[in-house]
Amino acid sequence: MTTSIIPGIHLTNVYHILIDTYGELHNDPDFDPLGGLIGTILSQHTSDINSGRAYRQLVDTYPTWEEVRDAPTYKVADAIRSGGLANIKSIRIQDVLHTLMEKQQEQGGDKSLGDYLSDELDKLSSEDGWKYLQQLPGVGPKTAACVMLFNLGRNIMPIDTHVWRTSKRLGLIGPSVNANQAHTVFAKIAPPAWVYMLHVGLIRHGRQICHAQKPKCNQCPLYRECAYTGSVNPQETGIS
Ligand code: SF4
């Protein structure tokens, strides 16, 4: 695991401009990776409001993850209906819970599923924990990175559409690097302590200024950094 990364000048400039623009943002992990994983599955393809409501309904109906695992799937789907794609997400959630149960049974353990996952991840480096989560059914690199960062405070960069687009335009990752590869690139170039701020700052920047269509380059605090990497030109940005 790389723990002492010296960032390049360009990344350093981007990092400080993001802080100046959006404020210095701090992570507040709850150290509940299983709750975070279920919540992240529920958040797929819906708003935070809807997924938050679905999560609360699920834990109100079934106070333990073991009860969610053992409930009839259609009843789990009913409990999370407000989060959308309930029939798919209920199967996915129960698959994850059954897989964790089987992993623990192979080791002869009898902890709660939440404690089991926490303890397994505690044994691993951030990168290995990220890979471990991806072995669970239906868990991809972004979902695994969200759990590592937001629930455990482990500095793996989740790459969503905003982070990926803005990182490419700013030249933080190469033009042909895909979203899955970008996780690995950031692990090499970004100091761990910067990951949360970079992630949240780039999302805000993508939502507010660097839109997919017609980015507001003429209002962009990162314009100089973008010009430095050659991204700012009429063809690529739609500036007229
Ligand atoms: S200059 Fe334009 S393309 Fe570059 S980061 Fe800013 S808004 Fe995005």
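Atoms within a ligand are numbered from 1 in the order they appear, just like the ligands themselves. For clarity, every value in this text was computed on a predicted model and none was experimentally measured.
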Side chains of [X] and [Y] only: does a donor on one sit below 3.5 Å from an acceptor on the other?
X      : Y      : answer
Gln44  : Thr143 : yes
Tyr116 : Gln107 : yes
Tyr196 : His26  : no

What atoms of ligand 1 come closer than 4.0 angstrom to any heavy atom of [X]?
X      : result
Pro215 : 7 (S)
Cys210 : 3 (S), 5 (S), 7 (S), 8 (Fe)
Arg169 : 3 (S)
Cys217 : 1 (S), 2 (Fe), 3 (S), 7 (S)
Cys226 : 1 (S), 3 (S), 4 (Fe), 5 (S)

Result for side chain to side chain donor-acceptor pair (under 3.5 Å) between Asn151 and one of Asp32, Asn27, Thr40, Asp30 points to Asp30
Quick check: does Cys220 put an N/O/S atom under 2.8 Å from atom 2 (Fe) of ligand 1? no
Taking only non-hydrogen atoms of His205, do any sit less than 4.0 angstrom from ligand 1? yes
Salt bridge or not for Arg81 and Asp78, using N-O below 4.0 Å? yes
Salt bridge or not between Lys142 and Asp160? Use side-chain N to carboxylate O under 4.0 Å. no
